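What you see is a predicted model; the values in this text were computed from it and never measured. First the proteins, then the strands, lettered A, B, ... as listed; each starts at 1. Note: hydrogens, waters and symmetry copies are ignored here, and every other heavy atom, side chains too, is used.
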Amino acid sequence: QEEALIFEIGRHGTTGVDLDEPEAFTPRLGKLQRRLPLDLPGLSEPEAVRHYVRLSQKNYAIDSGLYPLGSCTMKHNPRLNEKAARLPGFADIHPLQPLSTVPGAVELMAELGRWLIEMTGMTSVALSPKAGAHGELCGMMAIKAAIEARGEPRDIVLVPESAHGTNPATAALLGFKVVTVPARADGTVDPEAVKALLSPQVAAIMLTNPNTCGLFERDVVAIAAAVHAAGAYFYCDGANFNAIVGKAKVGELGVDAMHINLHKTFSTPHGGGGPGAGPVVFSSRLAAFAPLPFVRIEAEGPVLVEDKAELQAGETPFGRMVAFHGQMGMFVRALAYMLSHGGNGLRQASEDAVLNANYVRAGLRDVMTQPSGDRTCMHEVLFDDGFLDGTGVTTLDFAKAMIDEGYHPMTMYFPLVVHGAMLIEPTESESKASLDLFVATLRDLVMKAKAGDVARFREAPRFAPRRRLDETRAARQPKLTYERPAPFEQAAE
Amino acid sequence: QEEALIFEIGRHGTTGVDLDEPEAFTPRLGKLQRRLPLDLPGLSEPEAVRHYVRLSQKNYAIDSGLYPLGSCTMKHNPRLNEKAARLPGFADIHPLQPLSTVPGAVELMAELGRWLIEMTGMTSVALSPKAGAHGELCGMMAIKAAIEARGEPRDIVLVPESAHGTNPATAALLGFKVVTVPARADGTVDPEAVKALLSPQVAAIMLTNPNTCGLFERDVVAIAAAVHAAGAYFYCDGANFNAIVGKAKVGELGVDAMHINLHKTFSTPHGGGGPGAGPVVFSSRLAAFAPLPFVRIEAEGPVLVEDKAELQAGETPFGRMVAFHGQMGMFVRALAYMLSHGGNGLRQASEDAVLNANYVRAGLRDVMTQPSGDRTCMHEVLFDDGFLDGTGVTTLDFAKAMIDEGYHPMTMYFPLVVHGAMLIEPTESESKASLDLFVATLRDLVMKAKAGDVARFREAPRFAPRRRLDETRAARQPKLTYERPAPFEQAAE
Amino acid sequence: MRYLPHSEADRQAMLAAIGVGSIDDLFLDIPANLRVHGLDLPKAAGELSVERTLGRMAARNVPAGSVPFFVGAGAYRHHVPASVDHLIQRSEFLTSYTPYQPEITQGTLQYLFEFQTQVAHLTGMEVANASMYDGSTATAEAVLMAHRVTRRQKAVLSGGLHPHYRAVVATTSAMASDTVDALDADPLGTEDILSRIDAETSCVVVQSPSVYGHLIDLAPIAEKAHQVGALLVAVFTEAVSLGLVEPPGAQGADIVVGEGQSIGNPLTFGGPYVGLFAARMKHVRQMPGRLCGETVDAEGRRGFVLTLSTREQHIRRDKATSNICTNSGLCALAFTIHMTLLGETGLARLARINHANAVELAEMLVEVPGVSLLNESFFNEFTIRLPRDAAGVVEALAAKGILGGVPVSRLEPGRPDLADLLIVASTEVNTVDDRIAFAAALQKVL
Amino acid sequence: MRYLPHSEADRQAMLAAIGVGSIDDLFLDIPANLRVHGLDLPKAAGELSVERTLGRMAARNVPAGSVPFFVGAGAYRHHVPASVDHLIQRSEFLTSYTPYQPEITQGTLQYLFEFQTQVAHLTGMEVANASMYDGSTATAEAVLMAHRVTRRQKAVLSGGLHPHYRAVVATTSAMASDTVDALDADPLGTEDILSRIDAETSCVVVQSPSVYGHLIDLAPIAEKAHQVGALLVAVFTEAVSLGLVEPPGAQGADIVVGEGQSIGNPLTFGGPYVGLFAARMKHVRQMPGRLCGETVDAEGRRGFVLTLSTREQHIRRDKATSNICTNSGLCALAFTIHMTLLGETGLARLARINHANAVELAEMLVEVPGVSLLNESFFNEFTIRLPRDAAGVVEALAAKGILGGVPVSRLEPGRPDLADLLIVASTEVNTVDDRIAFAAALQKVL
């Protein structure tokens, strides 16, 4: 059955929330009482519940199957974390109630920071950024502040061509010129290529490690050394941190700032596109610039520093990223996840994530093609569309055909440097049996593509709530809100 | 995708619960340490969550669509009630912790009882029965106890032929002989027919009102009078109480005992077949026999009476139905539902339930057939299969075809007194738009049946997780537990 | 009212379509003089108001989790993984009905099949049903089933059977005109039940661990019962014990019944819980309750259905094996999910932790002057004798913020000779600090 | 570890299939001398243990619901129907990703489309995006967008703008080399902002109700801004106010941004929240963030997709309108469900209750000797002047179990002249008893 929009099934005058009208009172709204009709038809509670349950049934989710979106880290979301985040002592506290009434909240933030610092080998942490890209912005702002503090006119940021789009976007937002670093054949960065671009104008390099091709940048130490020697900073995109927790500390690799996607590495739920959380860890070179608010560890316990008026010597925050203190609800979930794994479990999770990706690689390497040959990958394995040459099937077709087999497709056409890229990240949450089935299914699809069963791919998906959607039409004639067929006055009658 | 059994995907040695082994201790198990292998393979948490999420996706539910099972009252289950039942003050209290530590629990039971008594006009209430049928047993036990207290040899119970199967089963369990009361053409009971069967051997009549044909027994007062005149008791099956809350009080109709399905009238969730809750209300003629435990209202507040040792004069409980105090979790939910509706809302709910059933009747009366002609019904409307005569389509086929249209079928082949019965109970939770669509769908199916599109019906359901299942095979060769294809020792290797 | 979709205009339009003038025209069958025009009850209330009312009541109770907690005697506080409660609240489980239409309720049916298998393996039996209301009603049903199987009418009940269970069996049996031979309360676990079994006996009902915590060797009882053609009904109230204790099925029991609350379900003041019911395959057609069975669909794919319903009331009416009509579906689901998460490995470990905690606690408590332990053997619960009235001690402990067990007088108020006995349970939720606090407080209040 | 499915045997079999000898062989790219062999962190812990650790931290905080509560200033405690939190926890919403594959994520896409429409109607605007991180970051993005639209680089910020928002805008703008002209704190709501608007101005940013609670007539500001070719960016932090107050869109605003937390989302110490962002259709291609649009599928059925992504970083990279990559999906869903339940009728009534409660509270508080009210107009929040330091008063109230508002010094610590001001909010969750208790306690502590 189709599910209509709430504006089609809702009724004016209906409400699913029972409230008593206040007794008579004298409004004190000046002359600004609402005159424009709200035009938000309501539903009774049973109708609203059914509507959203039915909508949910049109979604794929981790809980319903393997979700191998490369770079997105769709791992299991423990319900313990949801339960903990809903404790009234966390969910029902106001960001501006007296700090004397929330010592447990500050304790939790301090503890989360302690774990992040230990795992990364860095010096300080800014918890407040609201998402990965926001963390990137925070890290690059700290770099810009540091450069300004030094009084140097550095306005170039180096970004490898395989980078996430957020990297150049962030640099550009801050007024930096983006210079692209070419990749080696295997997608990694050559220190010599970096050195060739370094100059007194270069503020920073932004590097993802493990990179977006799923490879660890084996020359990262040499790159960091070169960058530092040139007086620039090393920003690391931490999107793929989940591959190396407990295996390497980015601080020891020479990183100066890195955001951490709590929703990736520490499994706060993705929620259909957020909310995320993007704390940033800093090296000693940048620690002083961490934005407000931050947690200062004092002898009597952690203190939440909210304003410039409270700063101590050596604290030179570049400003403020958000109202209040960051994604507390995500902090609770992430810490629950960390406590559950412990240091040993986090390391094991990284190992299993890498193991699973390589197992998928091993299962598909003879029938699919890898852009730089068959080599060990980290937590995700990258294929190109070479194996589809001459079949008439594209990466898009192949992905859509996976839907008909009951799977969410992998990340398609990213990284951009690889033709028809297919980036598969199984995560550590998948069992061997699950991976075996996935590999067998993909092998079967490859065989079908090579056997010329093109219609199966071009017409896919056939067994989903919708067939392929016309994205061009959506962009050319944008319909971004619901509009009634008839004018409001008439329809309400 | 198919979903295997946990015994097929689970692994020996795997667990989804992390526990630390106890330090060394000296077992005190006598010689009874377990030797038989448990043979319960485990799953990691991600696998277990996915397994049960995927199983759930094979179920129909109120939240996903209209669920018109007559006599079952599939109405909206408010989530407020779930939340309230999970308050630690209710969910995390032990039935045997000191009563001084649970006054709020006793208060809640007293308050629930007060509402039930006011709505029914009865004298007392036994909260402990665990389900409707259990409440029936409770009510009939009280009647048996009352008869034994009077020293009379009454061993016959009158049951109309349209009754729920639990009625004769309950009477038989208690050693009563069941005598069937014939129905009038419209399915109601004729007081004259009852009178003809009454005798000094008759202990009670068990009557459902509104009855299983969806009709209010219009002569209920005369029947009650006759039963009482004969020295017998009037047990009312309260399964359909939801039609008359706030419209009639069964105490004033002459009822002596009635169970109330909290999961029907007061919307505690059906949960795939329970748990229910079946409190029983008693008239003054039976009040003294209410089983232990019960709540006594004293000046200082309500008291939970658990044992004979605590009885006062006039309290002669017939015994005990359950360990502990009944379905507390359901009491909380039911009281939340009652408080939410208030007296006025409960009455309105009954009116809307009856309105909706009659609206469905009005929408279908010209294309489907009613066993006793088109007349006003209560909360459910009964059709027979007369309209399918000559089409080759049975009630079963018709019901299964509804599945393909996205609906759960109505109750089929019950009550037994009607040929090919189809009993539709929309409940008050459905909007007019929802009913309009339902009626239109059924009208369309009727047209298709009459047009001779028999295959569509016989092959239905075609769009469900399973086609029709072989129930005969299940009964002839019962497979009630999973058995490994190979012996356990081998499979474990 | 937020749960009722109709506007007044909807109602009027619908009445017109029906062809009546007012809603009252639909209620004409109710005698006019008996029509109710208002209830002496409060008006409708919003969520906020209802939460306040119920929250106030809840706040008057002392939650087990807020204090050191040692109360058992038939219901046990265990830690349930958060995923269990999350999953059972999924709409598709929570708001579904009995799986009468198997094509669209395979979710429910498959978990019931898994549940039956788990219960059978746990109890060491061949077959289990899809659950009963709780342990006590399951026990009463087991006695009725034994009567059907043996065609005899006398049940012998052990003095170690939970007194509430005894009362439920006695009530049901008396009402069904059967006889119950109940042995005296057996706090020492030393009763001679063998001598009470004779050729009239339909079944012997023995609980192990007993309500006083003793582990009972069922094999000799089974042997004696079978010699005279009677059945052994084995009862347990602590399902976790089966992770560590030889199951009744391996000791010769014919029917095994028990309370499944411990696995997956919260205390909730006594209900809803989930009754477990297992038996031998040869008696399956005499079993009460729902059974789920495997079969195939029209395309030959495996599927599940409710089966053997010719035993049930909706088919057999007054010839049914029981009047039971529902099961405890959602509680059974919680049991099954928790059991699946545990697996044999987790259950056995959980059982060992429970046992170790109880052993440690018993050792601490007998150090308190005047306290003695009655048990030779036990699992996670035992009985101690106090130098004074146990009920008073429990109240004194409660005043100190410790819920210290169940005084036997709560269950056997007619037995002043047992008034100094206290039943104490310790599960995995107790910490060593809890146990130390209990022992210290006990010493103080004695 | 309960979240990791592999047994050691699985791992060995998989390594063999890969063709390596050990797991370390997969990490050879990490320089050998930098490989970590252990973290100075605790070992893995079971659920029970984690619950205890976090529960202990949570118990150190005073939950808003446990006391009379009057704290606002950008985040508001409202009652959220239980169904909202239930629905957003459904696996299919909670554990799904950004709807990159629209065929199997129509659920997410449709609610985003509903959300956009609701936000547009609520704010009186033509188009809204699929949400931002929160109100403060949405405000910073609005200023950046105004720069793109007007190609000017100076934003004028009202003194009634929440100081945290001001700081976020100032930080972002400074980093983007833009200029911010921020007016002085305006506790009286009487600032002259019109004179600050000139031909260099890209946008004027005005919050109404202001952080001090004043309702601001936006129409004259919009008029002046439009005269000089600047945009009016209207800000709100209390979405419920829009049920009763004329929306910015009807007063001439060009961009409307705000915090959506009030509808559907708990306080959670400041996040996650949901930023609302609405604009005129003519500027849609300069908007930041995700947009969901309607289209059709290959069979002509209506469906929804993410659209106009040529604005976004993953396509445009350094030419993107923003670096934003996600939205606040689940919080937006909570907003949408709560908003759907309310409907216009419920929202307007909720707003009236909030306003009535605040009016009543203001009248009570000004009766306290030494207390004066700064507001002519307000919605559910206002500012009072106390006869002494407000921060000390708030601490004294907290000691009495009342959370009595936000001292302005918390937000403007550099302004001793504002230290006697207190911002007080009252929503539907306050009872008359709460208000009486507050007034009485305030009298005592002054």
Is any side-chain heavy atom of [X] closer than 4.5 Å to a side-chain heavy atom of [Y]?
{"X": "A:F90", "Y": "D:T268", "result": "no"}
{"X": "A:K58", "Y": "D:T105", "result": "no"}
{"X": "A:R467", "Y": "D:R301", "result": "yes"}
{"X": "D:S96", "Y": "A:Y67", "result": "yes"}
{"X": "A:L355", "Y": "D:L15", "result": "yes"}
{"X": "D:T98", "Y": "A:H270", "result": "no"}
{"X": "A:R468", "Y": "D:D297", "result": "no"}
{"X": "A:L480", "Y": "D:T307", "result": "yes"}

Could you give the distance from [atom1] ([X]) to [atom2] ([Y]), rounded to the nearest 0.5 Å?
{"X": "D:D29", "Y": "A:I244", "atom1": "CG", "atom2": "CD1", "value": "12.0 Å"}
{"X": "A:L43", "Y": "D:I337", "atom1": "CG", "atom2": "CD1", "value": "11.5 Å"}
{"X": "A:L173", "Y": "D:N323", "atom1": "CG", "atom2": "CG", "value": "6.0 Å"}
{"X": "D:I353", "Y": "A:L19", "atom1": "CD1", "atom2": "CG", "value": "4.5 Å"}

Under a 4.5 Å heavy-atom cut-off, does chain A meet the side chain of [X], its backbone, both or neither?
{"X": "D:V284", "answer": "side chain"}
{"X": "D:C292", "answer": "backbone"}
{"X": "D:V71", "answer": "both"}
{"X": "D:A398", "answer": "side chain"}
{"X": "D:T108", "answer": "both"}
{"X": "D:M1", "answer": "side chain"}
{"X": "D:E395", "answer": "side chain"}
{"X": "D:A59", "answer": "neither"}
{"X": "D:L350", "answer": "both"}
{"X": "D:E126", "answer": "backbone"}
{"X": "D:T137", "answer": "side chain"}
{"X": "D:P81", "answer": "side chain"}
{"X": "D:N357", "answer": "neither"}
{"X": "D:F93", "answer": "both"}

Taken in chain and number order and not counting sequence neighbours, the residues that satisfy side chain to side chain contact (heavy atoms under 4.5 Å, CB included) with D:L28 are D:R35
So for [X], is it side chain, backbone, both, or neither that comes closer than 4.5 Å to the heavy atoms of chain D?
{"X": "A:E310", "value": "neither"}
{"X": "A:V178", "value": "side chain"}
{"X": "A:E82", "value": "side chain"}
{"X": "A:H408", "value": "both"}
{"X": "A:P461", "value": "side chain"}
{"X": "A:R347", "value": "side chain"}
{"X": "A:M141", "value": "both"}
{"X": "A:Y52", "value": "both"}
{"X": "A:A171", "value": "neither"}
{"X": "A:F25", "value": "side chain"}
{"X": "A:L137", "value": "both"}
{"X": "A:F7", "value": "side chain"}
{"X": "A:A349", "value": "both"}
{"X": "A:V49", "value": "both"}

Whether [Y] and [X] form a salt bridge (side-chain N of Lys/Arg under 4.0 Å from carboxylate O of Asp/Glu) is what I want to check.
{"X": "D:D134", "Y": "A:K130", "value": "yes"}
{"X": "D:R11", "Y": "A:E351", "value": "no"}
{"X": "A:D20", "Y": "D:R349", "value": "no"}
{"X": "A:E21", "Y": "D:R352", "value": "yes"}
{"X": "D:E103", "Y": "A:R466", "value": "no"}
{"X": "D:R60", "Y": "A:E107", "value": "yes"}

Ignoring hydrogens and geometry beyond distance, is a side-chain donor-acceptor pair present between [X] and [Y] at under 3.5 Å?
{"X": "D:H6", "Y": "A:E430", "value": "no"}
{"X": "A:R320", "Y": "D:T171", "value": "no"}
{"X": "A:S340", "Y": "D:R2", "value": "yes"}

Excluding sequence neighbours, so at least two apart, what forms ring pair (Phe, Tyr, Trp, His ring centres under 6.0 Å) with D:H164? A:F324, D:H162
Pairs of heavy atoms under 4.5 Å with chain A: top-ranked of [options]:
{"options": "D:T345, D:I23, D:V36, D:N375", "value": "D:V36"}
{"options": "D:G249, D:A17, D:P266, D:P272", "value": "D:P272"}
{"options": "D:T326, D:I104, D:L39", "value": "D:I104"}
{"options": "D:V20, D:D40, D:L122", "value": "D:D40"}

For A:H341 and D:Y3, I'd like to know if the aromatic rings sit close, meaning centre-to-centre distance below 6.0 Å. yes
Do D:T295 side-chain atoms and A:R473 backbone N/O form a donor-acceptor pair below 3.5 Å? no
Do D:R410 and A:E306 pass the salt bridge (Lys or Arg N to Asp or Glu O under 4.0 Å) test, and can you show the C-alpha distance, the side-chain angles, and the key distance before you say yes or no? CA-CA 9 Å; D:R410 178 87 178 263; A:E306 296 185 278; 2.6 Å; yes
Hey, mind stepping through A:R28 and D:S377 against side-chain hydrogen bond (donor to acceptor under 3.5 Å, both in side chains) and telling me if it holds? CA-CA 5 Å; A:R28 300 185 61 164; D:S377 66; over 6 Å; no
